[in-house]
Protein chains: 2
Amino acid sequence: MVTIYDIAKKANVSAMTVSRVINNSGSISQKTRKKVEAVIEELGYIPNSSARSLTSKKSKILSLMVTDITNPFFTNIARGAEDKAMQMGYQLMLCNSDENVEKESKYIDMLISTGTDGVLAAPANDSSKKNLQKLAKYKIPYVLIDRYIEDLACDQVLSDNEMTTKRLLEHLIKQGHKKIAIVNAPLDIATAKERHHAYLDTLALHELPMNENWIYQSHFLQDSDISDTIKKMLALPETERPTAIFATSNFIGMNAVKYLKENEVKVPEDIAVVCYDSIPNYFGNEPFLTSAEQPSYNFGYFGAQLLIERVENTAPATPRKIVLPSELHLGASSLFKRK
Amino acid sequence: MVTIYDIAKKANVSAMTVSRVINNSGSISQKTRKKVEAVIEELGYIPNSSARSLTSKKSKILSLMVTDITNPFFTNIARGAEDKAMQMGYQLMLCNSDENVEKESKYIDMLISTGTDGVLAAPANDSSKKNLQKLAKYKIPYVLIDRYIEDLACDQVLSDNEMTTKRLLEHLIKQGHKKIAIVNAPLDIATAKERHHAYLDTLALHELPMNENWIYQSHFLQDSDISDTIKKMLALPETERPTAIFATSNFIGMNAVKYLKENEVKVPEDIAVVCYDSIPNYFGNEPFLTSAEQPSYNFGYFGAQLLIERVENTAPATPRKIVLPSELHLGASSLFKRK
DNA sequence: CTGTTAGCGCTTTCAA
DNA sequence: TTGAAAGCGCTAACAG
């Protein structure tokens with residue numbers, strides 16, 4: 001392994017001079033710099049990050065904590081974060097919490113151990129607060145993406161849950177729906193809570209009936225098995241049965257369609273479905289499921305940007321908050337006018 | 001920051017004893033161990049990985065090099081690799097090469113700098129050889145996934161390109177196709193080359209005609225724009241026009257279907273399409289596109305397993321090779337018998 | 001079973 | 001503009 005001492009010896013300078021050249025710090029004569037750079041090139045020197053971190057307390061490593069990278073929403077976030085990180089000379093560590101605060105906690109310790117410079121985190125739920133506070137205790141900056149947590153003074157990149165929910169529901173209302181159900185995740189997840197409240201607010205705004213039998217809880221993981229939910233919904237008396245479902249996530253929406261079909265319920269004729277978030281539309285044709293597409297790549301890209309500014313101390317002291325709008329894509333799953 | 005010296009002082013032992021407790025190395029009396037562990041717990045000690053790496057030359061970091069994490073094939077690999085890594089106490093660094101050897105090279109240097117313990121790599125193409133040899137020069141083990149490279153003595157987890165290609169083509173042949181085109185990626189990528197040869201071999205085996213106008217080259221990235229390819233194909237005289245397309249990747253297959261439809265060609269009536277690799281089937285219904293589903297998660301999971309064995313020196317000296325079979329999913333895109 | 005010493009490769013601090 | 005010394009937190013090697 002080539003060290004700065006090897007370079008120093010060959011270039012007839014001190015190790016310190018080599019360090020200055022590498023880091024572009026202090027002042028160096030043009031001649032010395034050229035000489036050192038030539039030797040670095042010649043010997044193919046690659047700096048040792050561990051040694052560097054040990055003294056400088058900087059690792060040039062950013063970390064991304066998501067609940068599951070296989071959710072396309074998070075996949076795109078990862079890509080956006082990685083692009084920005086690479087562009088700014090950082091590497092990206094990947095962590096999957098599986099919506100599990102304990103697993104998340106274990107990761108946080110590993111990240112602290114590794115000396116990550118900052119963390120881009122979509123926390124599992126409100127109990128993740130202690131994990132984030134642990135980061136703060138170690139003076140490691142973090143940026144919340146997708147899910148905020150109360151009373152944490154940090155930068156955030158969030159979805160416009162209120163507006164997007166409202167638009168999805170008003171689309172259903174325009175189609176003539178009056179009995180609208182919501183299938184959501186646990187309310188200790190910020191996005192679930194906000195979408196829940198926006199659901200209630202929008203129904204109230206339009207003076208539509210509410211019914212606790214129309215409020216269902218599943219979760220945000222891929223295998224959100226909502227067959228029981230659907231069964232319960234179908235078991236309601238005709239007059240009480242919802243004519244539309246608002247799914248608060250892509251997987252919930254897809255599973256709703258899947259289980260409705262399995263139960264021989266026609267979508268959208270019998271029950272319409274809309275969902276928050278989308279899946280990539282690889283085929284380029286009109287997708288079936290009406291959804292609100294989030295600019296997921298930018299959650300990662302902007303998030304990494306904010307984080308790096310925090311890490312490099314070029315950010316204002318006050319926390320910043322970016323709210324990203326979604327784009328509605330109407331599909332057959334909700335395009336059926338009710339009289 | 002709490003160090004082993006803080007622990008040592010408080011527990012009235014030497015730093016070395018603390019180190020031994022933490023690493024479960026050497027022998028320690030039950031009493032000392034308990035005492036030290038209590039203090040570690042009390043002070044909330046988290047080891048400093050940089051310091052550890054600097055002396056031990058081990059970072060407990062594995063790296064994953066893929067061409068693009070947003071390709072579902074690689075997303076699942078990442079999940080599999082991360083699961084295994086976490087399970088064995090390693091963290092995972094993510095790198096997207098975008099099929100670009102230069103970008104890959106830049107990453108390799110960063111990984112060497114960070115002191116990664118090993119790399120799970122889907123190399124960009126045959127020219128990636130020099131990048132991998134650089135890793136070898138630094139004694140960093142690597143495992144090739146998905147794409148092998150000649151004359152590199154290393155563990156590999158590969159797809160059964162020959163068999164899978166043969167099965168896809170024989171399915172088309174059974175449907176009565178005699179003029180089968182291939183849309184592939186550059187042949188300096190191992191998977192492309194193997195699928196190319198398997199294509200020729202299978203046609204020969206069945207004594208079917210070959211035609212250089214049926215061999216097209218695109219690439220494996222998501223935006224494989226094959227509209228020109230499709231136009232060229234459609235411009236062939238009726239008698240020479242292929243009746244089926246073998247797409248060598250998921251994105252090529254999807255884009256083929258997309259552009260055929262845009263050109264008002266009926267799939268499968270006018271031209272049938274099958275593809276190697278698949279996309280996740282979230283809706284649970286029969287997918288349209290006939291595809292060969294690879295066990296992508298296991299590419300990552302097994303790959304990480306082999307890599308860790310290599311890193312921890314518990315692997316046999318001779319390179320190991322795992323070949324994973326694919327599963328055919330027949331869809332409407334090829335289910336039309338030709339007379 | 002436990003401790004001492006030295007040093008990993010680099011940067012910070014101070015001095016020249 | 002350059003260099004010397006010290007030390008980051010930990011573990012390998014040796015000693016007892």
Side-chain angles (χ1 to χ4, degrees), chain A residues 1-37 39-40 43-61 109-117 138-139, chain B residues 1-37 39-40 43-61 109-117 138-140 313:
Chain A
M1 164 172 248
V2 182
T3 73
I4 52 169
Y5 283 94
D6 301 323
I7 310 287
K9 195 185 291 177
K10 194 138 190 177
N12 263 311
V13 294
S14 73
M16 205 42 231
T17 301
V18 177
S19 174
R20 289 196 181 95
V21 170
I22 293 165
N23 296 290
N24 250 309
S25 62
S27 32
I28 301 273
S29 75
Q30 225 15 258
K31 221 175 67 184
T32 315
R33 153 163 283 125
K34 287 280 169 232
K35 193 170 55 178
V36 171
E37 277 169 349
V39 179
I40 287 177
L43 300 186
Y45 168 74
I46 297 180
N48 180 322
S49 287
S50 298
R52 201 176 250 182
S53 303
L54 196 54
T55 37
S56 73
K57 311 290 174 205
K58 291 281 160 232
S59 64
K60 286 285 179 179
I61 295 176
D109 279 5
M110 291 175 86
L111 296 180
I112 291 170
S113 178
T114 311
T116 193
D117 283 345
Y138 282 84
K139 308 252 180 289
Chain B
M1 165 168 247
V2 182
T3 73
I4 51 169
Y5 284 93
D6 300 323
I7 309 288
K9 196 186 291 178
K10 193 139 190 175
N12 264 312
V13 295
S14 73
M16 205 45 227
T17 301
V18 178
S19 174
R20 289 197 180 97
V21 170
I22 294 165
N23 295 290
N24 250 310
S25 62
S27 32
I28 302 272
S29 75
Q30 221 21 253
K31 220 174 68 183
T32 316
R33 153 162 284 125
K34 288 278 171 235
K35 193 170 56 178
V36 172
E37 277 170 348
V39 180
I40 286 177
L43 300 187
Y45 167 74
I46 297 181
N48 180 323
S49 287
S50 298
R52 202 177 250 184
S53 302
L54 196 54
T55 35
S56 73
K57 311 291 174 204
K58 291 281 159 231
S59 63
K60 287 283 179 181
I61 294 177
D109 279 5
M110 291 175 86
L111 296 181
I112 291 170
S113 178
T114 311
T116 192
D117 283 346
Y138 282 84
K139 308 253 180 289
I140 298 174
N313 249 306

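Reckoned from all heavy atoms, side chains included, excluding hydrogens, waters and symmetry mates. Owing to the predicted nature of the structure, the values given are computational and were not obtained by experimental measurement. Numbered from 1 within each chain, the chains take letters A, B, ... in sequence-line order.
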[X]: side-chain hydrogen bond (donor to acceptor under 3.5 Å, both in side chains) partners, not counting sequence neighbours:
{"X": "A:Asn12", "answer": "none"}
{"X": "A:Thr55", "answer": "none"}
{"X": "B:Ser56", "answer": "none"}

According to the salt bridge (charged side-chain N to carboxylate O under 4.0 Å, His left out) rule, which pairs have a member within residues 9-19 of chain A, sequence neighbours left out?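 Non-adjacent pairs meeting salt bridge (charged side-chain N to carboxylate O under 4.0 Å, His left out): A:Lys10-A:Glu42.
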Which pairs with one or both residues in residues 21-33 of chain A pass salt bridge (charged side-chain N to carboxylate O under 4.0 Å, His left out), sequence neighbours excluded?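 For residues 21-33 of chain A: A:Arg33-A:Glu37.
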Is there side-chain contact between [X] and [Y], with heavy atoms separated by less than 4.5 Å?
{"X": "B:Tyr138", "Y": "A:Ile46", "result": "yes"}
{"X": "B:Val21", "Y": "B:Thr32", "result": "no"}
{"X": "B:Asp6", "Y": "B:Thr3", "result": "yes"}
{"X": "A:Tyr45", "Y": "A:Ile4", "result": "yes"}

When you list every nucleotide of DNA chain D with an atom under 4.0 Å from a heavy atom of chain A, which one comes first 5' to 3', and which comes last?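 The contacted stretch runs from D:dT1 to D:dG9.
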Name every residue in residues 5-15 of chain B that has at least one heavy atom under 4.0 Å from any atom of DNA chain D, in order of residue number, or write none if there are no such residues.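 Contacts with DNA chain D under 4.0 Å: B:Tyr5.
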Gap between atom [atom2] of [Y] and atom [atom1] of [X] - 0.5 Å precision:
{"X": "A:Ser59", "Y": "A:Arg52", "atom1": "OG", "atom2": "CZ", "result": "11.5 Å"}
{"X": "B:Ile22", "Y": "B:Ile40", "atom1": "CD1", "atom2": "CD1", "result": "4.5 Å"}
{"X": "B:Asp117", "Y": "B:Leu111", "atom1": "CG", "atom2": "CG", "result": "11.5 Å"}
{"X": "A:Lys139", "Y": "A:Lys57", "atom1": "NZ", "atom2": "NZ", "result": "13.5 Å"}
{"X": "B:Asn48", "Y": "A:Ser50", "atom1": "CG", "atom2": "OG", "result": "9.0 Å"}

In [range], which residues come under 4.0 Å of DNA chain C by heavy atom?
{"range": "residues 109-116 of chain B", "result": "none"}
{"range": "residues 46-54 of chain B", "result": "B:Leu54"}
{"range": "residues 16-33 of chain B", "result": "B:Met16, B:Thr17, B:Arg20, B:Ser27, B:Ile28, B:Ser29, B:Thr32"}

Nucleotide interval of DNA chain C bounded by contacts with chain B (heavy-atom cut-off, under 4.0 Å):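 The contacted stretch runs from C:dC1 to C:dG9.
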Side-chain donor-acceptor contact under 3.5 Å, B:Ser14 with B:Thr17: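 A pair is found: one side chain offers a donor N or O, the other an acceptor, under 3.5 Å apart.
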State, without any angle test, whether B:Ser49 and A:Ser113 hold a side-chain donor-acceptor pair at a distance under 3.5 Å.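 Note: B:Ser49 and A:Ser113 side chains meet the donor-acceptor criterion.
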Using five pairs at each end of the helix from C:dC1-D:dG16 to C:dA16-D:dT1 to define an axis, what is the angle between those two axes, to 10°?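 It comes to 30° between the two terminal axes.
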Does any N or O in the side chain of B:Ser19 come within less than 3.5 Å of the main-chain N or O of B:Ala15, such that one atom is a donor and the other an acceptor?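 Checked: no pair found.
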